**Student:** 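Below are the C-alpha cells for one structure; questions will follow.
For this chain, numbers begin at 1 and follow the sequence in order. Note that the structure is predicted; figures quoted are calculated from it, not measured. Quick note: numbers below take in every heavy atom, side chains included, and nothing from hydrogens, waters or symmetry partners.
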Amino acid sequence: ANCLIRIINGYTLKENQDNALHYIEKCKHLLSSISQNRLADFYSAYLTYLIKYGSVQEIINIIAEYTHTISEFRTDWLTISNAYLRIQKYDEALSVLSRHTRGVDVNKDRKYYAIISEAYQNLGEYKKSLKAYEEYTILSDSIDYAVYTQDTKFVKERHLLELETIKERE
C-alpha cells in the first residue's frame, strides 16, 4: 500500500489525473487491511489529489471521512487546511492549523505560514497576512541558505581533493 500511495502522490504532482485516480481506486480496495499510518497517508494523498481535481463536495466528504477515521495525532492538518483554502473556507483553514505541531519540520512550517498568509489575505486581514508571509520568507531564506552553504562546502571539498590528486601525480 505504501508504494501505491507514493505512486498516487507522484502522478498527482506530475498532473497525471487519470493514473493518480487509477491508483486511488486500487488503494481503496486495500483500506480494510492496512495500518492506521498507511491509512492516514492514503487520506492525505487522496485529499491532495482532490485539492487539484476534486469538487467542493468531494473535498468536504473526504475531510469528514479522514477526520472521523484517523486519530488527531496522525492527521495531516496542513493538507486539510490547504483543502479548506481550496474550497474557500478560510476560517476553517485557520482553525485546523491550530492542531498542527510546528518546529518538527522546517518545510512543513514554511507551508504552515504560507497557508496562514493566504487565509488571512482572503479574509481581508492584511496585517496578519503580511506577518505570516514574513515568517514564511524567513523560513524559505534559511532553507535556501542552508542548501547554498552545503553546496559551497561540497564544492570546496571537491576542489581540495582535486588539488591533492594533482599534487600526488607530480
**Student:** Dump the intermediate steps for side chain to side chain donor-acceptor pair (under 3.5 Å) on Tyr46 and Lys28, then the final yes or no.
**Tutor:** CA-CA 10 Å; Tyr46 190 15; Lys28 283 181 179 179; 3.3 Å; yes
**Student:** Between Lys131 and Glu134 (salt bridge meaning N to carboxylate O under 4.0 Å), is one present in this structure?
**Tutor:**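 No salt bridge links Lys131 with Glu134.
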**Student:** Supply the atom-to-atom distance Cys27 SG to Arg38 CZ, rounded to the nearest 0.5 angstrom.
**Tutor:**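 One gets 10.5 Å once the value is rounded to the nearest 0.5 Å.
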**Student:** Can you confirm whether Glu58 sits close enough to Asn61 that some side-chain heavy atom of one is under 4.5 Å from a side-chain heavy atom of the other?
**Tutor:**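 Side chain of Glu58 against side chain of Asn61, heavy atoms only: no contact under 4.5 Å found.
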**Student:** Check whether Lys111 reaches the backbone of Leu78 with its side chain - one donor and one acceptor, N or O, closer than 3.5 Å.
**Tutor:**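 Not a single qualifying donor-acceptor pair exists.
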**Student:** Measuring only between side-chain heavy atoms, which start at C-beta, is His22 closer than 4.5 Å to Ile7?
**Tutor:**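 Side-chain contact under 4.5 Å: no.
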**Student:** Given 3.5 Å as the limit, does a donor-acceptor pair link the side chain of Glu118 with the main chain of Ile115, or not?
**Tutor:**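 Answer holds: no.
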**Student:** Taking only residues two or more places apart in sequence, or in another chain, which ones meet Gln36 in a side chain to side chain donor-acceptor pair (under 3.5 Å)?
**Tutor:**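 Here no residue qualifies.
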**Student:** Please check if Ile116 and Tyr126 belong to a single hydrophobic cluster, counting links between Ile, Leu, Val, Met, Phe, Trp and Tyr side chain heavy atoms closer than 4.5 Å.
**Tutor:**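 Not linked; separate clusters.
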**Student:** I need the Phe73 CZ to Thr75 OG1 distance, nearest 0.5 Å.
**Tutor:**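 So the gap between those two atoms works out to 9.5 Å.
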**Student:** Working to the nearest 0.5 Å, report the span between CG of Asn9 and OG of Ser44.
**Tutor:**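 Asn9 atom CG to Ser44 atom OG measures 7.0 Å (nearest 0.5 Å).
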**Student:** Show me the donor-acceptor pairs, under 3.5 Å and distance only, between side chains in residues 86-94 and residues at least two apart or in other chains.
**Tutor:**
{"from": "Arg86", "atom 1": "NE", "to": "Ile51", "atom 2": "O", "distance (Å)": "2.8"}
{"from": "Arg86", "atom 1": "NH2", "to": "Gly54", "atom 2": "O", "distance (Å)": "2.5"}

**Student:** Let me confirm one number: the CD1-CZ distance from Ile24 to Phe42, rounded to the nearest 0.5 Å.
**Tutor:**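 One gets 6.0 Å once the value is rounded to the nearest 0.5 Å.
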**Student:** From Leu21 CG over to Leu50 CG, what is the distance, rounded to the nearest 0.5 angstrom?
**Tutor:**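 Atom-to-atom, Leu21:CG and Leu50:CG are 9.0 Å apart.
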**Student:** Main chain of Asn37, side chain of Arg74: is a donor-acceptor contact present, judged purely on distance under 3.5 Å?
**Tutor:**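 The answer is yes, because a donor-acceptor pair under 3.5 Å joins these two groups.
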**Student:** Are Leu130 and Ile138 in one and the same hydrophobic cluster, where Ile, Leu, Val, Met, Phe, Trp and Tyr link if side-chain heavy atoms are under 4.5 Å apart?
**Tutor:**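 No; Ile138 is not reachable from Leu130 via cluster members.
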**Student:** Do Tyr113 and Val96 share a hydrophobic cluster (ILVMFWY, side-chain heavy atoms under 4.5 Å, transitive)?
**Tutor:**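 Looking at the clustering, Val96 is in a separate group from Tyr113.
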**Student:** Assess the residue pair Tyr43 and Tyr66 against the criterion (ring pair (Phe, Tyr, Trp, His ring centres under 6.0 Å)); give the C-alpha distance rounded to whole Å, side-chain angles, the decisive distance to 0.1 Å, and a yes or no.
**Tutor:** CA-CA 6 Å; Tyr43 279 115; Tyr66 188 176; 5.4 Å; yes
**Student:** Not counting sequence neighbours, which residues clear side-chain contact (heavy atoms from CB on, under 4.5 Å) with Tyr53? List them please.
**Tutor:**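 Tyr53 satisfies side-chain contact (heavy atoms from CB on, under 4.5 Å) with Glu15, Gln17, Tyr49 once adjacent residues are dropped.
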**Student:** Please examine the side chains of Ile59 and Val56, heavy atoms only from C-beta on, and report whether any two atoms are closer than 4.5 Å.
**Tutor:**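 Side chain of Val56 against side chain of Ile59, heavy atoms only: no contact under 4.5 Å found.
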**Student:** With sequence neighbours excluded, tell me which residues meet side chain to side chain donor-acceptor pair (under 3.5 Å) with Glu72.
**Tutor:**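 Partners of Glu72 by the side chain to side chain donor-acceptor pair (under 3.5 Å) criterion come out as none, since no residue qualifies.
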**Student:** With sequence neighbours excluded, what pairs up with Ser33 under the side chain to side chain donor-acceptor pair (under 3.5 Å) test?
**Tutor:**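 Listed in chain order: nothing, the list is empty.
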**Student:** Has the side chain of Ser129 got a donor or acceptor atom that lies under 3.5 Å from a matching backbone atom of Glu125?
**Tutor:**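 Flag not set: sc Ser129 to bb Glu125 has no pair under 3.5 Å.
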**Student:** So how far is it from Ile80 CD1 to Ser95 OG, rounded to the nearest 0.5 Å?
**Tutor:**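 Between atom CD1 of Ile80 and atom OG of Ser95 there are 11.0 Å.
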**Student:** Judged by atom type as modelled, is there a donor-acceptor pair below 3.5 Å linking the side chain of Thr69 to the main-chain atoms of Glu65?
**Tutor:**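 Judged by distance alone, yes, a pair lies under 3.5 Å.
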**Student:** Determine whether Leu30 and Ile5 fall in the same hydrophobic cluster, where Ile, Leu, Val, Met, Phe, Trp and Tyr are linked whenever their side-chain heavy atoms lie under 4.5 Å apart.
**Tutor:**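 Yes.
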**Student:** With a sphere of 6.0 Å drawn around CZ of Arg6, does it hold more than 12 non-hydrogen atoms of other residues, nucleotides or ligands?
**Tutor:**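 Check fails, neighbour count at 12 or below.
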**Student:** Let me see the working for Arg110 and Glu135 under side chain to side chain contact (heavy atoms under 4.5 Å, CB included), right down to the final yes or no.
**Tutor:** CA-CA 8 Å; Arg110 185 170 63 166; Glu135 292 293 329; over 6 Å; no
**Student:** Sequence neighbours excluded, which residues qualify as salt bridge (Lys or Arg N to Asp or Glu O under 4.0 Å) partners of Lys26?
**Tutor:**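 For Lys26, no residue satisfies salt bridge (Lys or Arg N to Asp or Glu O under 4.0 Å) once neighbours in sequence are set aside.
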**Student:** Hydrophobic clustering (ILVMFWY, side-chain heavy atoms < 4.5 Å, transitive) - are Tyr112 and Tyr84 grouped together?
**Tutor:**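 The answer is no; the residues belong to distinct hydrophobic clusters.
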**Student:** Ignoring hydrogens and angles, tell me if any N or O in the side chain of Thr67 forms a donor-acceptor pair with the backbone of Ile63 under 3.5 Å.
**Tutor:**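 Yes, Thr67 side chain to Ile63 backbone: donor-acceptor pair under 3.5 Å.
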